[in-house]
There are 2 protein chains.
Amino acid sequence: MNFSITEENYIKNIYHLQQQSELVNTNSLAYELHTKPASVTDMLKKLQIKNLLDYEKYKGFRLTNKGNKVAINIVRRHRLWEFFLVTKLGFEWDKVHSIAEELEHVSNQELIQKLDRFLNHPQIDPHGDPIPDGNGKIPIIHQLSIADVAEKKKVMVSSVANQSPAILELLNHYHINIGTEIKINQRFSFDGSIEIKVGKYAACTISELVAKNIFVYHD
Amino acid sequence: MNFSITEENYIKNIYHLQQQSELVNTNSLAYELHTKPASVTDMLKKLQIKNLLDYEKYKGFRLTNKGNKVAINIVRRHRLWEFFLVTKLGFEWDKVHSIAEELEHVSNQELIQKLDRFLNHPQIDPHGDPIPDGNGKIPIIHQLSIADVAEKKKVMVSSVANQSPAILELLNHYHINIGTEIKINQRFSFDGSIEIKVGKYAACTISELVAKNIFVYHD
DNA sequence: TATATTTTTTAGATTTGTCTAAAAATAAAT
DNA sequence: ATTTATTTTTAGACAAATCTAAAAAATATA
Ligand SMILES: [Mn+2]
Ligand SMILES: [Mn+2]
Ligand SMILES: [Mn+2]
Ligand SMILES: [Mn+2]
């Protein structure tokens with residue numbers, strides 16, 4: 001079944017609000033979508049008719065199983081595109097969300113499947129959020145701060161916790177990006193700084209603060 | 001200025017129809033857009049108000065300079081995405097058009113600029129059509145059929161004339177794709193067949209018919 | 001030139017998604 | 001237990017894009 005861009009935005013935002021509280025209420029959804037409660041109520045009825053929503057007047061609402069599957073698929077597309085924008089096109093994290101907000105609605109199945117393969121089936125988006133697979137399974141990803149990685153280990157950057165332009169500037173300077181390979185050379189106890197080797201660049205040291213914000217895949 | 005997806009589809013199709021006849025008429029545009037003439041008339045008025053269209057009742061219409069610029073930008077996005085889908089995601093030509101039809105409406109400037117760079121500023125889309133640059137300049141591309149390339153020359157595939165599944169099957173067999181490097185080894189006068197070397201694969205021979213349908217960049 | 005045909009436009013209705021203002025239900029406070 | 005405040009829903013209107021049926025203009029034909 002195919003849904004309009006508007007419907008998809010409603011579905012996705014209901015999904016996200018459900019991660020915090022089981023039942024979602026009209027006002028908070030209206031706030032997320034920058035729309036008015038009255039508009040939300042209208043759409044709730046439509047989604048209920050399409051069997052995407054469990055909804056009782058005045059009592060709040062939640063996605064049905066079907067609605068949940070649709071939502072996860074949208075989230076998958078959104079995060080795959082975000083990953084693409086950062087790792088392939090060289091965007092910075094703070095810029096990709098709004099673009100992915102549009103790309104996520106291009107819903108050709110084969111496109112997403114091929115994009116996923118092209119990106120090597122990434123499991124985490126640039127903001128550290130898991131990317132659901134083609135079956136809707138959401139990977140439980142083991143991420144570890146570089147500050148906690150054992151010496152001599154080689155790891156791959158999965159995400160960065162702090163998303164400020166300030167840390168971005170620093171990471172660019174170190175040539176660290178999502179997907180970058182890093183080897184932990186040595187940890188210095190005096191200030192918690194760590195010597196690392198980024199890709200093929202000469203070894204360098206990073207502060208403990210930076211290290212704590214860089215997350216890597218870890219099984 | 002920003003335009004709705006519907007407006008963009010109208011603008012782009014008017015542009016394409018203008019390549020064949022200076023003035024465009026209501027019926028043919030309606031046909032292209034799979035819509036009814038009455039709907040077209042409505043939109044014509046809107047586009048005229050926005051200074052995108054020169055339109056006189058009953059006399060046909062054409063894009064203004066402004067409208068032309070908008071159209072070329074949409075065409076640019078469409079063809080860049082088509083190129084991406086074929087060369088990066090491994091789509092076949094006959095599948096990419098409808099997907100690009102959606103992607104073209106994601107109009108973030110920086111996205112297109114970065115995509116263009118990522119693709120290495122391609123000049124021809126997978127169907128052999130020129131890709132306008134960021135300033136709206138449409139490159140006049142010198143393409144040459146492989147059948148006409150001098151022996152010993154190394155060339156790069158720009159497009160394929162025939163778009164049937166039959167030739168596709170054959171080209172896949174030869175590992176020939178958009179962007180593939182080909183060296184012309186020897187031409188055989190008896191049947192016009194040509195021995196070529198595709199990338200790093202062992203040399204092989206292709207028929208004259210195939211050769212005539214493969215186009216390469218040529219300055 | 002008068003008549004018939006085709007093309008284009010108008011008139012009026014419909015669907016989707018939105019809004020404001022007012023009413024109804026629920027929750028909180030006295 | 002009332003009163004007050006908040007949340008949610010309804011009623012009615014509106015903009016964008018579409019449609020059908022009918023009118024008007026332009027073309028083609030006799
Ligand atoms: Mn969105
Ligand atoms: Mn994200
Ligand atoms: Mn389109
Ligand atoms: Mn094309």
Side-chain angles (χ1 to χ4, degrees), chain A residues 1-15 17-18 20-63 67 70-71 74 101-102 104-107, chain B residues 1-14 17-18 20-63 67 70-71 74 101-102 104-105 107:
Chain A
M1 203 163 279
N2 239 27
F3 304 101
S4 75
I5 291 175
T6 311
E7 286 171 326
E8 288 195 341
N9 282 333
Y10 272 89
I11 294 164
K12 194 186 68 171
N13 278 282
I14 294 169
Y15 174 83
L17 286 171
Q18 276 190 55
Q20 298 182 302
S21 60
E22 186 65 22
L23 269 180
V24 183
N25 50 300
T26 306
N27 269 350
S28 45
L29 183 53
Y31 177 81
E32 289 297 322
L33 291 165
H34 309 104
T35 183
K36 297 287 140 66
S39 310
V40 168
T41 302
D42 284 346
M43 182 58 87
L44 294 180
K45 291 176 195 161
K46 289 178 200 162
L47 295 178
Q48 186 176 41
I49 288 167
K50 295 190 179 186
N51 278 307
L52 298 166
L53 201 66
D54 272 337
Y55 167 50
E56 262 190 289
K57 263 191 191 181
Y58 294 104
K59 304 233 164 149
F61 45 92
R62 59 156 64 85
L63 291 170
V70 174
I74 303 167
E101 204 61 45
E102 296 186 51
E104 70 188 358
H105 303 294
V106 180
S107 59
Chain B
M1 204 163 279
N2 239 26
F3 304 102
S4 74
I5 291 176
T6 311
E7 287 171 325
E8 289 195 341
N9 282 333
Y10 272 89
I11 294 165
K12 194 186 66 172
N13 278 282
I14 295 169
L17 286 171
Q18 275 189 52
Q20 297 181 301
S21 60
E22 186 65 21
L23 269 180
V24 182
N25 50 299
T26 307
N27 270 349
S28 44
L29 183 54
Y31 177 82
E32 290 297 322
L33 290 166
H34 309 103
T35 183
K36 297 287 139 65
S39 310
V40 169
T41 303
D42 283 347
M43 181 59 86
L44 294 180
K45 291 176 196 162
K46 290 177 200 162
L47 294 179
Q48 186 177 41
I49 288 167
K50 295 190 179 186
N51 278 306
L52 298 165
L53 201 67
D54 271 336
Y55 167 51
E56 261 190 289
K57 262 193 190 180
Y58 294 104
K59 304 233 165 147
F61 46 90
R62 58 156 65 83
L63 292 170
V70 174
I74 302 167
E101 204 62 43
E102 297 187 53
E104 70 188 358
H105 303 293
S107 60

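This structure is a prediction, so every number in the text was calculated from the model and none was measured. Below, read A as the first sequence line, B as the second, and so on, with proteins coming before strands; counting in each chain starts at 1.
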Tell me the interatomic distance from [X], atom [atom1], to [N], atom [atom2], rounded to whole angstroms.
| X | N | atom1 | atom2 | result |
| --- | --- | --- | --- | --- |
| K50(B) | dA15(D) | NZ | C1' | 12 Å |
| E56(A) | dA25(C) | CD | P | 15 Å |
| F3(B) | dA17(D) | CZ | C1' | 17 Å |
| H34(B) | dC19(D) | NE2 | P | 12 Å |
| D42(A) | dC14(D) | CG | C1' | 13 Å |
| K59(A) | dT6(D) | NZ | P | 23 Å |
| L44(B) | dA16(D) | CG | P | 16 Å |
| K57(A) | dT8(D) | NZ | C1' | 10 Å |

Looking only at the side chain of [X] (C-beta and beyond, no hydrogens), which of the listed nucleotides [options] gets closest?
| X | options | value |
| --- | --- | --- |
| T6(A) | dT18(C), dA26(D), dA17(D) | dT18(C) |
| Y58(B) | dA24(D), dG17(C), dT8(D) | dA24(D) |
| T41(B) | dT8(C), dC19(D), dT9(D) | dT8(C) |
| N27(B) | dC19(C), dG17(C), dT7(C) | dT7(C) |
| A38(A) | dC19(D), dT20(C), dT8(D) | dT20(C) |

Pairwise 5' ranking along DNA chain C for S39(B) and I5(A), keeping only the more 5' one: S39(B)

If we only count heavy atoms from C-beta on, is the Y10(B) to V40(B) side-chain gap below 4.5 Å?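 Counting from C-beta outward, Y10(B) and V40(B) do come under 4.5 Å.
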
Within the structure provided, determine whether E101(B) and N9(B) are in side-chain contact (heavy-atom separation under 4.5 Å). yes

The single option from T6(A), V70(A), L53(A) that satisfies side-chain contact (heavy atoms from CB on, under 4.5 Å) with I11(A) is V70(A)

OP1 or OP2 of [N] less than 4.0 angstrom from a side-chain nitrogen or oxygen of [X], does that happen here?
| X | N | answer |
| --- | --- | --- |
| Y10(B) | dT18(D) | yes |
| S4(A) | dT16(C) | no |
| K36(B) | dT8(C) | no |
| T26(B) | dT9(C) | yes |
| N25(A) | dT8(D) | yes |
| Y55(B) | dT8(C) | no |

When rounded to the nearest 0.5 angstrom, what is the spacing between NZ in K12(A) and CD1 in I74(A)?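 Reported value, rounded in 0.5 Å steps: 7.5 Å.
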
Could you state the interatomic distance from CE (M43(A)) to CD (E7(A)), rounded to the nearest 0.5 Å?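 Between M43(A) CE and E7(A) CD, I get 5.0 Å after rounding to 0.5 Å.
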
Verify, without hydrogens or angle tests, whether Q48(B) (side chain) and Y55(B) (backbone) share a donor-acceptor contact under 3.5 angstrom. yes

Between K46(B) and F61(A), which has a closest nucleotide on DNA chain D that is more 5'?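 Its nearest nucleotide lies further toward 5', so the answer is F61(A).
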
